[in-house]
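What follows is one structure encoded as structure tokens, with my remarks underneath.
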Amino acid sequence: MTIRLPGADGTLRTHEPRTEPLALTTGGPFTSRTVFSAAHVVADPFADSTPDSPAAIDWDATLAFRRHLWSHGLGVAEAMDTAQRGMGLDWAGAAELIRRSAAEAKSVGGIVACGVGTDQLTGPATLAEVRAAYEEQLALVEASGARAILMASRALAAAASSPEDYLDVYGHLLRQSSEPVVLHWLGPMFDPALEGYWGSSDLDTATDTFLEVIAAHPDKVEGIKVSLLDARREIDIRRRLPQGVRCYTGDDFNYPELIAGDEKGFSHALLGIFDPLGPLAAEAVRVLDTGNTAGFRELLDPTVELSRHLFRTPTRFYKTGVVFLAWLAGHQSHFTMVGGLQSARSLPHFARAYELADGLGLFPDPKLAEERMKNLLALYGVTQ
């Protein structure tokens with residue numbers, strides 16, 4: 001059986017789908033790396049909502065997907081940008097997601113870390129209001145029993161006038177946090193509103209400020225997540241961290257080499273691409289646990305082409321591809337997203353994502369994925 005797929009040039013090509021998925025098994029925690037998958041949310045397709053409505057979430061399907069990730073030994077990074085935080089998921093929805101996911105983690109023994117931001121602020125804010133918004137979200141995450149990830153704040157980027165403003169706000173939050181947190185530097189390719197974060201558009205200057213925050217409070221920073229899609233800069237930052245502070249790669253372009261590391265160290269992982277790659281990524285890390293770096297790279301390197309495709313410019317719309325693949329893989333019954341974001345990518349983009357994912361053996365039921373892909377093609381007028 002074959003399937004006709006549209007290319008970017010408007011022509012149709014023939015693809016022969018796999019008949020068998022990769023043989024991947026579930027398993028417990030890893031020993032050599034700490035690995036989180038940022039997880040997407042499943043929208044409620046029957047909710048009578050509009051793009052401006054509060055997020056309507058299918059909680060059963062959303063939590064089931066987290067159990068899928070935990071079953072493979074992955075931690076879940078909750079209420080991050082992969083969950084459409086700030087792109088359809090408002091603070092009320094994120095707060096409920098944090099509460100439910102943290103409770104589910106406790107019931108199954110899963111690891112969860114949750115995003116702390118300032119997205120309850122919907123207009124211009126003062127630095128004091130930004131700090132108070134962070135405090136409110138940090139309190140909720142800590143009360144849930146989850147680890148906290150201090151996310152970059154659009155409101156802080158707009159309100160801050162100097163690096164000192166960042167040092168002051170983050171210093172205050174770190175001093176009052178009850179447990180060490182993860183600091184997240186999200187680049188403007190993921191969110192244009194974060195341009196000039198840490199007080200400068202010059203990345204060397206911004207890096208110095210970022211490291212100054214950590215150096216002033218090393219006992220309150222468990223790790224950092226770097227999402228700049230710049231492997232050399234991440235390695236430089238990683239080598240300059242205080243002893244005991246971990247680097248979690250958020251580089252969805254260069255993750256195999258960064259996780260594998262070099263003679264001077266390695267990165268742990270907190271990645272959106274591990275949402276669709278979960279079982280395969282877990283298998284690769286288990287190989288790495290045995291000391292077999294070549295085997296790890298042999299499994300994970302071929303996934304980079306898919307990741308770079310999903311995260312292509314404009315990068316912030318990668319969530320659409322992530323949810324699309326979850327639908328094809330049978331993790332949800334529909335391809336509907338919070339805020340209607342399923343319309344953010346083109347049919348040729350979906351076709352290539354399907355082709356690459358199928359080639360990797362990511363679909364537990366290749367026939368189901370093929371049928372769903374054909375249904376989507378038919379909606380666009382592509383006949384087989």
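Everything quoted here is computed from the prediction, not taken from an experiment. The analysis underlying the following values was restricted to heavy atoms, covering all of them including side chains, and did not include hydrogens, waters or symmetry mates.
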* Pair D236 + R232: basic N to acidic O under 4.0 Å -> no
* **Salt-bridge contact R18-E370 (side-chain N to carboxylate O under 4.0 Å)** => no
* Determine whether L362 and V35 fall in the same hydrophobic cluster, where Ile, Leu, Val, Met, Phe, Trp and Tyr are linked whenever their side-chain heavy atoms lie under 4.5 Å apart. => yes
* Residues which pass salt bridge (Lys or Arg N to Asp or Glu O under 4.0 Å) with D202, listed by chain and number, not counting sequence neighbours -> none
* Is it true that R67 and E104 make a salt bridge, defined as a side-chain N closer than 4.0 Å to a carboxylate O? -> yes
* Is it true that a side-chain atom of E179 and a backbone atom of R147 form a donor plus acceptor pair closer than 3.5 Å? -> no
* Asked: What's the shortest heavy-atom distance between V226 and E234, and which atoms?
  -> O-OE1, 3.8 Å
* Heavy-atom distance under 4.5 Å between the side chains of M189 and R316, does that happen here? -> no
* Start with the C-alpha gap between R297 and E257, add the side-chain angles, then the distance that decides, and say whether salt bridge (charged side-chain N to carboxylate O under 4.0 Å, His left out) holds. => CA-CA 8 Å; R297 294 294 298 268; E257 65 181 89; 5.3 Å; no
* Structure fact -> Scanning both residues in full, the closest heavy-atom pair of R345 with L310 reads NH2-O, 3.0 Å
* Verify side chain to side chain donor-acceptor pair (under 3.5 Å) between Q342 and H334, making sure each step is shown before the conclusion. => CA-CA 11 Å; Q342 68 271 10; H334 59 86; over 6 Å; no
* **Mutual orientation of the aromatic rings belonging to W198 and Y166 [parallel < 30°, tilted 30-60°, perpendicular > 60°]** => tilted
* Asked: Do V42 and L376 belong to the same hydrophobic cluster, where Ile, Leu, Val, Met, Phe, Trp and Tyr are linked whenever their side-chain heavy atoms lie under 4.5 Å apart, directly or via other members?
  -> no
* Asked: Should I259 and T249 count as side-chain neighbours, where that means a heavy-atom distance under 4.5 Å?
  -> yes
* Asked: Can the positive tip of R372 be found less than 6.0 Å from the middle of the six-membered ring of F335, inside 45° of the ring normal?
  -> no
* Asked: Should we count CD of Q176 as having more than 12 external heavy atoms under 6.0 Å?
  -> yes
* Do any N or O atoms from the side chain of D251 and from the backbone of S227 form a donor-acceptor pair under 3.5 angstrom? -> no
* To do: Could you tell me which residues satisfy ring pair (Phe, Tyr, Trp, His ring centres under 6.0 Å) with H184, sequence neighbours excluded, listed by chain and number?
  => none
* Asked: Which heavy atom in Y354 sits nearest to a heavy atom in H15, and how many Å separate them?
  -> CE2-CD2, 3.8 Å
* Does a side-chain heavy-atom distance below 4.5 Å link P6 with L377? -> yes
* Structure fact -> Contacts of D165 meeting side-chain hydrogen bond (donor to acceptor under 3.5 Å, both in side chains) (sequence neighbours excluded), chain-then-number -> S161
* Asked: Among I214, L183, L173, L174, which one satisfies side chain to side chain contact (heavy atoms under 4.5 Å, CB included) with K220?
  -> L174
* Answer with yes or no whether the hydrophobic clustering places L22 together with V287; edges join I, L, V, M, F, W, Y residues whose side-chain heavy atoms lie under 4.5 Å apart. => yes
* Asked: Would you say R352's side chain and L306's backbone share a donor-acceptor pair under 3.5 angstrom?
  -> no
* Listed by chain and number, what are the salt bridge (Lys or Arg N to Asp or Glu O under 4.0 Å) partners of R154, not counting sequence neighbours? -> D191
* Asked: Counting distance only, does the side-chain N/O of R13 pair as donor-acceptor with the main-chain N or O of R4 below 3.5 Å?
  -> no
* D9 CG: over 12 foreign heavy atoms closer than 6.0 Å -> yes
* Do R233 and L203 touch side chain to side chain, with heavy atoms closer than 4.5 Å? -> yes
* Using 30° and 60° as the class limits, which term best fits the ring planes of Y170 and Y134: parallel, tilted or perpendicular? -> tilted
* Asked: Checking side chain to side chain donor-acceptor pair (under 3.5 Å) for the pair Q137/D119: CA distance, chi angles, key distance, verdict?
  -> CA-CA 9 Å; Q137 296 199 16; D119 44 334; 2.8 Å; yes
* Structure fact -> So CD of Q84 and CG of D90: to nearest 0.5 Å the spacing works out to 11.5 Å
* Asked: Would you call R238 and R246 a side-chain contact if the rule is heavy atoms closer than 4.5 Å?
  -> no
* **Nearest heavy atoms of T118 and A155, plus distance in Å** => OG1-CB, 3.7 Å
* For F36, the rest of its hydrophobic cluster, which grows through side-chain links under 4.5 angstrom -> M80, I111, I149, M151, V182, Y248, L270
* Roughly how far, to the nearest 0.5 Å, is CG of L186 from NZ of K225? -> 7.0 Å
* Is it true that a side-chain atom of R286 and a backbone atom of G27 form a donor plus acceptor pair closer than 3.5 Å? -> yes
* **Pair S153-Y197, side chain to side chain donor-acceptor pair (under 3.5 Å): steps then yes or no** => CA-CA 9 Å; S153 162; Y197 211 73; 5.1 Å; no
* **H349 vs H309, side-chain contact (heavy atoms from CB on, under 4.5 Å): CA-CA, chis, key distance, verdict** => CA-CA 8 Å; H349 182 88; H309 177 72; 3.3 Å; yes
* **Worked check of side-chain contact (heavy atoms from CB on, under 4.5 Å) between W59 and L97** => CA-CA 8 Å; W59 293 112; L97 178 62; 3.7 Å; yes
* **D252 bridged to R312 by N-O distance under 4.0 Å** => no
* Return the set of residues passing salt bridge (Lys or Arg N to Asp or Glu O under 4.0 Å) with R100 (not counting sequence neighbours), or none when no residue passes. => E96
* Parallel, tilted or perpendicular: which fits the ring planes of F190 and F311, with parallel below 30° and perpendicular above 60°? -> perpendicular
* **Closest non-hydrogen atom pair between P256 and F296, with its separation** => O-CE2, 3.4 Å
* To do: State, yes or no, whether a side-chain contact exists between Q120 and E136 at a heavy-atom distance under 4.5 Å.
  => yes
* **Any side-chain heavy-atom pair of T82 and L271 under 4.5 Å** => no
* **E129 side chain vs T126 backbone, donor-acceptor pair below 3.5 Å** => yes
* Can you check side chain to side chain donor-acceptor pair (under 3.5 Å) on S37 and D275, steps first, answer last? -> CA-CA 6 Å; S37 168; D275 181 301; 5.0 Å; no
* To do: Return the minimal non-hydrogen interatomic distance between P180 and D219, and the atom names on each side.
  => CG-O, 3.5 Å
* Asked: Thinking salt bridges, do R66 and E78 make one under a 4.0 Å N-O criterion?
  -> yes
* Quick one: do R85 and W91 satisfy side-chain contact (heavy atoms from CB on, under 4.5 Å)? Show the steps, please. => CA-CA 8 Å; R85 193 83 180 263; W91 167 234; 3.4 Å; yes
* Asked: Salt bridge check: are R239 and D262 linked by an N-O gap of less than 4.0 Å?
  -> yes
* Given the rule that I, L, V, M, F, W and Y join up when any side-chain heavy atoms are under 4.5 Å apart, are W185 and L138 in one cluster? -> yes
* To do: May I ask you to check whether over 12 heavy atoms, not counting those of E16, lie within 6.0 Å of atom CD?
  => no
* To do: Is it possible for you to say whether Y318 and V76 belong to one hydrophobic cluster, with membership spreading through side-chain heavy-atom contacts below 4.5 Å?
  => yes
* To do: For the pair H72 and H68, name the ring-plane relationship: parallel under 30°, tilted 30 to 60°, perpendicular over 60°.
  => perpendicular
* **Heavy-atom side-chain contact between K319 and H40 under 4.5 Å** => no
